[in-house]
Amino acid sequence: PQLERLCVHESVSTKIPVEAFAEAFAELDVPVDIVDDDEAFDRTDAVASFRPRDAFLDAGWVHCIRAGYDEFDTAAYETEGVPLTNSTGIHDTTVGEIAVGYMVSLARMLHIYRDHQNENHWFEPEYERPFTVENERLCVVGLGTLGRGIAQRADALGMDVVGVRRSDESVPGVAELYHPDDLHEAIADARFVAIAVPHTPETEGMFSTPEFETMRDDAYLINVARGPIADEDALIDALDVGEIAGAGLDVFETEPLPADNPLWDFEEVIISPHRGSATNRYHLDIADLVMEIFDQYQAGEDLRNRVA
Ligand code: NAD
């Protein structure tokens, strides 16, 4: 059946303003309802949500507004024959800029200067400490939307960009590709290592003690993907003993990051609150994608970003 309604689940408020998001569908020729956990669905309903709910399996199509859909039970969608789509493909600029922001700050010490500014303190660092990102090696692990967004921007800054990818097809801005089996070789010489793979059984704990030992002592880990891909206890240990120099982290095993987590206290760790994709027009980017897939559904075409 055709879709007769678009339901915006209130959980989208985790990342975007619900009302503004619903209003962004003014051009859609079906009504848009903001729904909560009491709502029931049928096959004429489309649902856009941040969080999964069992009741969504009664809908005609479900869109996860996140790129990472690891919380959704894809097998259940396949069993029910309900298409599930995600929001990959729209975070290259937003998350790419955050990753570049961490790297430039870590290299030029902006985060340290701000720490001292908080104390009205004119801080002059050791001569050896600041460096340019230009000519430094960045290894991007995973070259989908995020990875390409990071690689392209790092390349524009004159960085020496290498990447880890399952296929050997070349990627713009990436000088050299390594297979995931050669992860250690790929990260051994890098000053920055950026994680941009999804969280899957295969990638969980992909970075742990052996990887931190392999990385340079003066290397920085950038994680903008998902917390569990880098084992947090191992990361804290590696930072403690100086196996790596620091990190830029947007994602954590537990979010919000608990106040007593040791990661907060490292001078060379920059923490952002899983807002790598946050901008004042994020809701419009997602709405454009949802409308594109909505039209494909109504036309009986293959759905962009279908994950189940
Ligand atoms: P994407 O699907 O466009 O890209 C993921 C890439 O990783 C694909 O090219 C895939 O082939 C590759 N990959 C998967 N497993 C791999 C492995 N074992 N080794 C090497 N490569 C592997 O997704 P995306 O939009 O780039 O997002 C990636 C992840 O980043 C999401 O799953 C999500 O968890 C996270 N994310 C975080 C934010 C944020 O706000 N911080 C925003 C968007 C996405």
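Whatever order the structure lists ligands and atoms in, that order sets their numbers, starting from 1.
Considering backbone and side-chain atoms alike, Val224 places an N or O below 3.5 Å from some N or O of ligand 1. For ligand 1, the polar-atom distance check against Asp250 finds a nitrogen or oxygen pair separated by under 3.5 Å. Residue Arg226 has at least one nitrogen or oxygen atom sitting less than 3.5 Å from a nitrogen or oxygen atom of ligand 1, judged on distance alone. Checked against a 3.5 angstrom limit, the closest N/O atoms of Thr88 and ligand 1 fall inside it. Among the atoms of Thr145, some N or O lies under 3.5 angstrom from an N or O of ligand 1.
Asn261 and Glu232 share a side-chain donor-acceptor pair at under 3.5 Å.
Of the protein's heavy atoms, Val95 CG2, 3.7 Å lies nearest to atom 42 (C) of ligand 1. The shortest contact between atom 21 (N) of ligand 1 and any protein heavy atom is with Val197 CG1, 3.5 Å. Protein heavy atom in closest approach to atom 5 (C) of ligand 1: Pro198 CD, 3.8 Å. Nearest non-hydrogen protein atom to atom 18 (N) of ligand 1 is Glu202 OE2, 3.5 Å. Given atom 13 (N) of ligand 1, the protein heavy atom at minimum distance is Arg166 NH2, 3.5 Å. In terms of protein heavy-atom proximity, atom 19 (N) of ligand 1 is nearest to Pro180 CG, 3.5 Å. For atom 35 (C) of ligand 1, the closest non-hydrogen atom on the protein side is Ala225 O, 3.4 Å. Looking only at heavy atoms of the protein, atom 44 (C) of ligand 1 is closest to Ala67 CB, 3.5 Å.
Two residues are said to be in side-chain contact when any heavy atoms from C-beta on lie closer than 4.5 Å; Pro52 and Tyr69 fail this criterion. In this structure the side chain of Ser87 reaches within 4.5 angstrom of the side chain of His63, judged on heavy atoms.
With hydrogens and angles disregarded, a donor-acceptor distance shorter than 3.5 Å links the side chain of Thr203 to the backbone of Thr200. Of the possible polar contacts, none joining the Asp33 side chain to the Val35 backbone as a donor-acceptor pair under 3.5 Å is found. In this structure a side-chain-to-backbone donor-acceptor pair under 3.5 Å is present from Gln298 to Leu3. Checking side-chain atoms of Asp231 against main-chain N and O of Ala234 turns up a donor-acceptor pair under 3.5 Å. The backbone N or O of Glu292 sits nowhere less than 3.5 Å from a side-chain atom of Asp295 that would complete a donor-acceptor pair.
Heavy atoms of Thr200 found under 4.0 angstrom from ligand 1: none, in either backbone or side chain. The parts of Ser277 lying near ligand 1 are both backbone and side chain, judged by heavy-atom distances below 4.0 Å. The part of His274 lying near ligand 1 is the side chain, judged by heavy-atom distances below 4.0 Å.
Contact check on Arg216 versus Asp189 returns no salt bridge, with no Lys/Arg side-chain nitrogen under 4.0 Å from an Asp/Glu carboxylate oxygen. Contact check on Glu124 versus Arg129 returns no salt bridge, with no Lys/Arg side-chain nitrogen under 4.0 Å from an Asp/Glu carboxylate oxygen.
Test Arg66, Arg51, Arg53, Arg226 against Glu71 for salt bridge (Lys or Arg N to Asp or Glu O under 4.0 Å) and you get one pass: Arg66.
The distance from ligand 1 to the heavy atoms of Thr203 drops below 4.0 Å at these ligand atoms: 18 (N).
For atom 27 (O) of ligand 1, the choice among Ile195, Leu146, Val141 with the nearest heavy atom turns out to be Leu146. Of the candidates Gly149, Ala196, Gly144, the one placing a heavy atom closest to atom 28 (C) of ligand 1 is Ala196.
Ring orientation note: the planes of His116 and Phe123 are close to parallel, at an angle under 30° on the 30°/60° scale.
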